[in-house]
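In what follows, a structure is listed as structure tokens, so that the remarks can point back to it.
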Amino acid sequence: MSPLLPHSGAAEPCRIRFKTGTRQHRADRIIPVFLPFLGCPGHCVYCAQDRQTGAGDSENIRLILENAYAATSQLPACRQGEGRELAFYGGTFTAIPASDRSCCLNLLRRLREEKRITHARCSTRPDALVSSVLNELLLNGVDLVELGIQSFNDEALSLSRRGYLGKAAEEGCLKVQEAGLQLGIQLLPGMPGSTPEVFLADVKKALSLSPSCLRFYPCLVPDGTVLARWYREGRYRPWTTEQTVRTLGEALRLAWQAEVSVIRLSVAPEPAFDSVLLAGPRHPALGALIQAEALLLSAEEAVNRLGRPPLQLTLPRFCQGFLYGDGGSLKTRWHELGLGPKNIIFDSSALEATLC
Ligand code: SF4
């Protein structure tokens, strides 16, 4: 960065820089091992993990791990500077039987020794953290623990039958970090009791805890869940796609500003899951729409700080694919800012936006 330019966020008379995040996470660098419902202490009202992962029940963990090893051993060993990550998703990893966890960690160590992976993470609940287990994860090469926090709001947590309250959620985050592990936080915008205001307060709380990454999973209504019954009875209404894009756009803007990456903006497509969805904000390009909204909101703020009509906006090249939203739906709002194809340029080497 030029010594004459301020860091992102600081204004100067003629030029403002702001963060735009980075290209979304590359899925081919992750080796997911799904352990649906394993270690799960109950059924949250919205959860249909067996369908979401398409993996059925996970009684035979050894078979799941054997399959994961067979698939991973086909991959070339990682070369210097390359990264590949093993990820235990879907279960409450710290609450599964010790013998099962030991099998998972054996796989992790073996893949690390063979240099097929360089990193590892797991997901769990904030109320299922014991220091000795966190230490076991650390010693066996887990780098990051993602907590399914969903919300820090007591009412939303109670309505969704999560089984803990906001204070426990926050304490869980601190425990992970105190154990020397990186922290990931998953949030569930639109869950029962979650309004846009509640969710944005959740995002601010999460960012205040300095996580390594966030994930947002807009709440959907799969058939066969308590939420589906509530939806049919008119007791629960999911967020619209528009509401989701607006609210998560603002949340993503906040995360960019705090330089915390958001590695998921919607539930991954899964035919078995999609076929049983009754309602909820499902759109094939939801992530791109949210990024487009976040970029526009960031630009609006920068133009306000500039205090005069902008001359030019330079964006990292990857923004080109989503800049104007679905079918150009954001063009009018960009135009109102005094920005459009004539004065927005893309720079492959830029890591942030520059407005002048
Ligand atoms: S979301 Fe709730 S019900 Fe589903 S696996 Fe996690 S703890 Fe269990």
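Side-chain atoms are counted along with the backbone in the values below, which use heavy atoms only and exclude waters and symmetry mates. Indexing begins at 1, ligand by ligand and atom by atom, following the structure's order.
- Scanning for ring-ring contact (aromatic ring centres under 6.0 Å, His included) contacts around Phe152 gives an empty result, with sequence neighbours left out.
- Atoms of ligand 1 lying under 4.0 Å from at least one heavy atom of Arg125, given by number and element, are 7 (S).
- Set against the non-hydrogen atoms of Arg162, the atoms of ligand 1 under 4.0 Å away are 1 (S), 2 (Fe), 7 (S).
- Looking at Cys47, Gly91, Cys40 and measuring to atom 4 (Fe) of ligand 1, the nearest heavy atom belongs to Cys47.
- For Phe216 and Phe199, the ring centers sit closer than 6.0 Å to each other.
- One of the N, O or S atoms belonging to Cys44 lies under 2.8 Å away from atom 2 (Fe) of ligand 1.
- A side-chain donor-acceptor contact under 3.5 Å links Glu114 and Tyr69.
- With sequence neighbours left out, the side chain to side chain donor-acceptor pair (under 3.5 Å) criterion links Glu301 to no other residue.
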